[in-house]
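Written below as structure tokens is the structure these notes are about.
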Amino acid sequence: MDAQYRPEIIEPEAQQHWQERQAYRVSEDDSKPKYYCLSMFPYPSGKLHMGHVRNYTIGDVLARYYRMRGYNVLQPMGWDAFGLPAENAALANNVAPASWTYANIDYMRGQLKRLGLAIDWSRELATCSPDYYRWEQWLFTRLFEKGVIYKKMATVNWDPVDHTVLANEQVIDGRGWRSGALVEKRDIPMYFFRITDYAEELLGGLDHLPGWPERVKTMQRNWIGKSYGVEVHFPLGPVHQAGDPVLKVFTTRADTLFGVTFMAVAAEHPLARQAASHNAELAAFIAECKQGSTAEADLATMEKKGMDTGLKVYHPFTNEPLPVFVANYVLMGYGEGALMAVPAHDERDFAFARKYGLPIQVVIRPEEAGEGPISLPFLEPGILVDSGDFTGRGSADAQDKIALVLKNLGLGERRTTYRLRDWGISRQRYWGCPIPIIHCPTCGDVPVPERDLPVLLPEDVRLEVGSPLKRMPEWSRCPCPKCGGEAQRETDTMDTFVESSWYYARYACPGLETGMLDGRANHWLPVDQYIGGIEHAILHLLYARFFHKLMRDEGLVDSDEPFANLLTQGMVVAETYYRDLRDGKKLWLNPADVEVERDARGQTVAARLLADGQPVVIGGVEKMSKSKNNGVDPQTLIDRYGADTARLFTMFAAPPELSLEWSDAGVEGAHRFLKRLWKAVYEHVQTGRVSAFSGGELSDELKALRRQLHQTIAKVGDDIERRKQFNTAIAAIMELMNALTRMESDEAHARAVKQEVLEAVVLLLAPMVPHICRALLKALRPGACLVGADWPRVDESALARDEIELMLQVNGRLRGKFRVAADAGKEAVERAALASPELKRHLDGKPVRKVVVVPGRLVNVVAGDTA
RNA sequence: GCGCGGGUGGUGGAACGGGUAGACACACCGGACUUAAAAUCCGGAACCUUCGGGUGUACGGGUUCGAUUCCCGUCCCGCGCACCA
């Protein structure tokens, strides 16, 4: 064994060994329990970033841990390879998106291998490969025929200069990112998945996912947004008969119906169009509403504007005429595209009524308020006032009664709605999976027959603004599969979320050429542990759950949910540094090029650029990003310290769910620990071979060390398996190593215990830092191999104690400590506490009123005059 | 704007079901070794203090024998918002 820790030698050696032995290749094996450990696959952006290192290390720790626990572990890897960045790179560098993507995949695969992940590479997939996307097209055609996919108009961001559709990301402050033109809303036909048909199941299913974080389930519940309410019809004429036209709205607050003072409709609403046809001012306002992006955050924060259409609708109960406004915050295709406004009891309506001088009618009062004034808007439920026959009823009761009366009048009924909208998957982009539809002038939209799949995406293209597919008639022109007449292929591609909605299942079926999935999918699914960023809490995770149910209903899988347990990791952040430039912009400097200065207490006081020694401004900690130039390249880290240091640092610096702050010094610390570990093993084996302790009478010191060892084994297992908190597991191992260092005896028993501790430490750390542990295990136990090694066992007898220390509190404040026998009863503990010398001092002559004994923890003596 | 999280020493964080606040590590300070430096090893430390103790987990309140932990309110930061992935 080398006296020095040399990661640059032992890491490639270990990786080569694992590769040659195909140590992590797995197949279905019913003799062992299966464990499918999956990390969200990367987008091949060019090179690995620290977020990837964190994500894949967490996955690898779990995969390796469960392997040591005797599970048949599947850990696959692949590439989410379609998407916008490839098109951007193509435009910027004049390369085809395909070759850019494949080159990135090759480079990043090498980086992943250098991390030493226990991955079964024989299952690797890339979503841009026809072998993959053909099955997505196949499923699309089946779902289209089933009616799960349908076509309708939808609103997109339109760049009027570049004549292209823009992604929300490409709209900056309401302008196109390249042209700078004010973005407009435009309606185009798109294909939609009927995810709303599954809303109820997607909602209910969350109750059967105990392995998901509560906050992710809450976010999904709110996103689906089930609400119970009433559809109310407002007649368009003062005299209404069944079948006459009405304005339909949905409300969750039917109890406020008598407080309606106006109506608001979307700019695209038929009533608005109708009114605008003979009102130029209104037409201009509607045109103005068409400006701006479609992103909900933009719509919600923009100034609320409206204009009276001059039209009136009539209150279903009072027949009172109500003005109809066009408002820019009401969205078509969102509910009915119209709402009833109750300014007294809704925040947005209140602001709007104030702005346009519309009446505010209070119809709900708090139960306890009496006659006094209330502050508006009053949003809580309460008691109805000024509400005709319903006055005096409570809100909930009134909602029921109002719905009933509306139903009898034929002017509405109870309805359950969802906030969730159908999933539009058409993208007017090139680098994506072609939508397998042929448009025939006679037959309409015809799905591409199975024998003609896949619809291949041409890869050898030149990119300009807009999709090249739309300029390739030789590609889009084709015969209609039904009538044989001349037809056109759909040139839109699918949302890349479609590919990432089923890759986890395809990993189970590598090489399958005759279908999307086979029986192997049911062997491995559901995924036992899914790991990825919290930013995917809603969209990706909801789409994947939905897709799983679609595949289930097609008979492709037999489970209901794809991911049994979910771990959402936090972001990787780093300090930012900049200098102000003359033009008012900032020059962002990479942390690797900056040196910080600290005062005598260790507080940062200044920072300087290494290159010129001149000061720079410290900009605060932010998510690693290109724009702030605060990304730290994991490759540099791995080259300098090795993969194990990179892995140990990312696992130790923060618990997985919190954000992780990059720290050069923290990396050094992790590296130092590995060097100390290496040295401890080296010095131990230098003094000759010894077997691990297996029994005999030990000194108190050695007993205590063994107790700590077995406590640590129990804690590390619990931290990894139940708590998924690796930082505390590593801290416990560090404490154990510190205790071992303090133990200096070298008599036979001591050396045997030392051997036991070191063997166990190496195995406990193996999931986190596998390369060094492989080398150290071989040194400690020649001939032993980490692949196939078992997780250490807890020796219960080593945990026993004779005496324990308890805390003594007086009135909730810590005043002393005392020792009692480990098996002392409550009364004995109380007696010991009352006899302790600290108590008398702190009682200060006051009588003891109460004694609280918390077994194994503390005794709290409550003293003082009875008040 | 709406939804969801978070806020603890100089720093990252620990405290697992309401029971010792600050484990472990980084940074800092001191010491040993060295001609010197680096590396390594050992030690110190939340803050204030009249050395009795007092104060401390963003801020203000509440529940409790006891609150970082539970409840209410406020402020700040982060994530998501349906075409970034």
Side-chain angles (χ1 to χ4, degrees), chain A residues 40 42-43 45 80 83-85 156-157 165-171 213 215-216 218-219 221-223 225 294-302 304 329 347-348 419-429 495-497 500 533-540 542-543 568 570-571 573 596 598-604 620-623 652-655 657-661 663-670 672-673 675-676 679 715 718-719 722-723 725 727-728 730-735 738 741 805-809 811-814 817 849-852 854 856-858 860-863:
Chain A
M40 290 183 187
Y43 177 79
S45 54
D80 187 15
L84 205 48
V156 293
N157 302 307
V165 175
L166 298 176
N168 282 336
E169 192 193 46
Q170 298 172 313
V171 180
R215 74 161 150 155
V216 174
T218 307
M219 281 192 258
R221 277 189 198 105
N222 291 336
W223 185 261
T294 59
E296 191 167 323
D298 294 339
L299 293 166
T301 48
M302 72 189 174
K304 311 285 178 288
Y329 64 91
E347 210 133 9
R348 228 163 35 171
R419 205 186 75 95
L420 182 69
R421 311 198 293 261
D422 275 341
W423 176 17
I425 54 104
S426 294
R427 297 290 180 269
Q428 298 70 45
R429 286 191 237 303
D495 180 0
T496 58
F497 272 126
S500 56
I534 184 67
E535 66 273 18
H536 295 293
I538 296 175
L539 292 180
H540 163 62
L542 190 66
Y543 291 147
T568 48
M571 297 172 311
V573 298
V596 298
R598 289 173 209 280
D599 65 11
R601 303 172 77 169
Q603 193 152 272
T604 303
V621 172
E622 301 212 37
K623 179 179 178 169
F652 181 61
E657 308 242 51
L658 296 191
S659 62
L660 178 142
E661 188 177 328
S663 148
D664 286 311
V667 174
E668 295 268 6
R672 268 206 292 275
F673 173 73
K675 281 201 284 192
R676 276 202 299 274
K679 197 173 136 200
K715 177 173 174 56
D718 185 55
D719 277 354
R722 180 179 63 86
R723 299 214 303 152
Q725 194 153 305
N727 56 330
T728 49
I730 294 165
I733 297 168
M734 286 174 167
E735 284 184 76
N738 291 345
T741 312
E805 192 180 50
L806 298 184
M807 300 301 124
L808 174 68
Q809 289 187 345
N811 290 337
R813 286 163 179 275
L814 181 67
K817 299 170 184 183
R849 272 200 294 152
K850 188 176 169 184
V851 179
V852 181
V854 183
R857 288 265 181 198
L858 56 75
N860 185 17
V861 180
V862 186

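Lettering of chains follows the sequences in order, A, B, ..., and the numbering in each one begins at 1. What you see below is based on every heavy atom in this structure, not just the backbone, and it leaves out hydrogens, waters and symmetry mates.
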Using every non-hydrogen atom in the two residues, find where [X] and [Y] come nearest and quote the distance to one decimal.
X	Y	result
Arg215(A)	Glu657(A)	NH2-O, 4.2 Å
Ser659(A)	Ala654(A)	O-CB, 3.7 Å
Val165(A)	Gln170(A)	O-OE1, 4.2 Å
Gly533(A)	Met40(A)	N-SD, 3.9 Å
Asn157(A)	Ala167(A)	ND2-C, 4.0 Å
His540(A)	Ser500(A)	CE1-O, 3.0 Å

Measuring from atom [atom1] of [X] to atom [atom2] of [Y], what distance do you get when rounded to the nearest 0.5 angstrom?
X	Y	atom1	atom2	answer
Leu542(A)	Phe497(A)	CG	CZ	10.5 Å
Leu420(A)	Asn222(A)	CG	CG	12.5 Å
Leu806(A)	Lys817(A)	CG	NZ	11.5 Å
Leu658(A)	Met571(A)	CG	CE	10.5 Å
Ile534(A)	Thr568(A)	CD1	OG1	3.5 Å
Gln428(A)	Leu166(A)	CD	CG	10.5 Å

For RNA chain B, the dot-bracket notation using Watson-Crick and G-U wobble pairs below 3.5 Å, [ ] for pseudoknot-type crossings and | for other-strand pairs, is (((((((..(((......[....))).(((((.......))))).(((....)))..(((((..]....))))))))))))....

Could you go through nucleotides 1-4 of chain B and list every protein N or O atom that sits under 3.5 Å from one of its N or O atoms, giving the distance for each pair?
residue	atom	partner	partner atom	Å
rG3(B)	O3'	Asn222(A)	ND2	2.9
rG3(B)	O2'	Asn222(A)	ND2	3.0

Considering only atom [atom1], compute the distance from [N] to [M] and round it to an integer number of Å.
N	M	atom1	value
rG54(B)	rU50(B)	P	15 Å
rU55(B)	rG6(B)	P	29 Å
rG31(B)	rA67(B)	C1'	41 Å
rA14(B)	rG7(B)	P	9 Å
rA85(B)	rG73(B)	C1'	38 Å
rU64(B)	rU69(B)	P	16 Å
rA21(B)	rG13(B)	C1'	13 Å

**Asn860(A) side-chain N/O to Val852(A) backbone N/O, donor-acceptor pair under 3.5 Å** =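 Judged by distance alone, no pair lies under 3.5 Å.
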
If you look at every strand shown and take non-hydrogen atoms under 4.0 Å, does [X] touch a base, only sugar-phosphate, or nothing?
X	value
His540(A)	nothing
Gly570(A)	nothing
Ser659(A)	sugar-phosphate
Met571(A)	sugar-phosphate
Phe497(A)	base
Val156(A)	base
Arg221(A)	nothing
Val171(A)	nothing

**Study point:** Nearest-neighbour nucleotide for the Leu420(A) side chain, rC84(B), rU40(B), rA82(B) considered
**Key:**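 Among rC84(B), rU40(B), rA82(B), the one nearest the side chain of Leu420(A) is rA82(B).
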
Return the set of residues passing side chain to side chain contact (heavy atoms under 4.5 Å, CB included) with Phe652(A) (not counting sequence neighbours), or none when no residue passes.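 Only Ile730(A), Ala731(A), Met734(A) meet the side chain to side chain contact (heavy atoms under 4.5 Å, CB included) criterion with Phe652(A).
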
[X] has an atom [atom1]; how far is it from atom [atom2] of [N], in whole Å?
X	N	atom1	atom2	value
Phe673(A)	rA39(B)	CZ	P	19 Å
Asn168(A)	rA82(B)	CG	C1'	8 Å
Ile534(A)	rG6(B)	CD1	P	11 Å
His536(A)	rA82(B)	NE2	P	15 Å
Arg849(A)	rC65(B)	CZ	P	9 Å
Leu808(A)	rG66(B)	CG	C1'	13 Å
Tyr543(A)	rC84(B)	OH	C1'	13 Å

*Considering residues at least two apart in sequence or located in another chain, which fulfil the ring-ring contact (aromatic ring centres under 6.0 Å, His included) criterion with Phe673(A)?*
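Testing Phe673(A) for ring-ring contact (aromatic ring centres under 6.0 Å, His included), a comparison that skips the adjacent residues, returns none.
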
Set of ring-ring contact (aromatic ring centres under 6.0 Å, His included) partners for Trp223(A), sequence neighbours left out
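Scan of Trp223(A) (ring-ring contact (aromatic ring centres under 6.0 Å, His included), adjacent residues dropped) gives none.
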
Mapping Tyr43(A) and Ser663(A) to their closest nucleotides on RNA chain B, which lands nearer the 5' end?
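Looking at RNA chain B, the more 5' nearest nucleotide goes with Ser663(A).
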
Exercise. Does rG52(B) fall in syn (glycosidic angle within 90° of 0) or anti?
Worked result: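 Syn.
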
message: Give me syn or anti for rG54(B), where syn covers glycosidic angles within 90 degrees of 0.
response: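 The base of rG54(B) is oriented anti (glycosidic angle more than 90° from 0).
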
With the side chain counted from C-beta on, respond yes when Leu858(A) and Leu808(A) share a heavy-atom pair under 4.5 Å apart, and no when they do not.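 No; the side chains remain at least 4.5 Å from each other.
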
Any protein N or O atoms within reach of nucleotides 69-75 of chain B? Criterion: under 3.5 Å, listing atom names and distances.
none

Between N or O atoms, less than 3.5 Å apart, protein on one side and nucleotides 43-49 of chain B on the other: list the pairs.
none

Report the residues that fulfil salt bridge (charged side-chain N to carboxylate O under 4.0 Å, His left out) with Arg813(A), sequence neighbours left out, ordered by chain and then residue number.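 So Arg813(A) forms no salt bridge (charged side-chain N to carboxylate O under 4.0 Å, His left out) with any residue.
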
Tell me, please, which residues at least two apart from Asp719(A) pass salt bridge (charged side-chain N to carboxylate O under 4.0 Å, His left out).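 So Asp719(A) forms a salt bridge (charged side-chain N to carboxylate O under 4.0 Å, His left out) with Lys715(A), Arg723(A).
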
Residues in side-chain hydrogen bond (donor to acceptor under 3.5 Å, both in side chains) with Asp298(A), at least two apart?
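Expected list: Ser293(A).
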
Once base and sugar-phosphate atoms are separated, protein heavy atoms under 4.0 Å mark nucleotides 14-25 of chain B, 5' to 3', with B, S and - as SSB--BB--BBS

In 5'-to-3' order, the base (B), backbone-only (S) or no-contact (-) status of each nucleotide in nucleotides 50-57 of chain B, using a 4.0 angstrom heavy-atom cut-off, is --SSSS--

Should the heavy atoms of other residues, nucleotides or ligands under 6.0 Å from CD of Glu622(A) be counted, would the total exceed 12?
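Correct, the count exceeds 12.
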
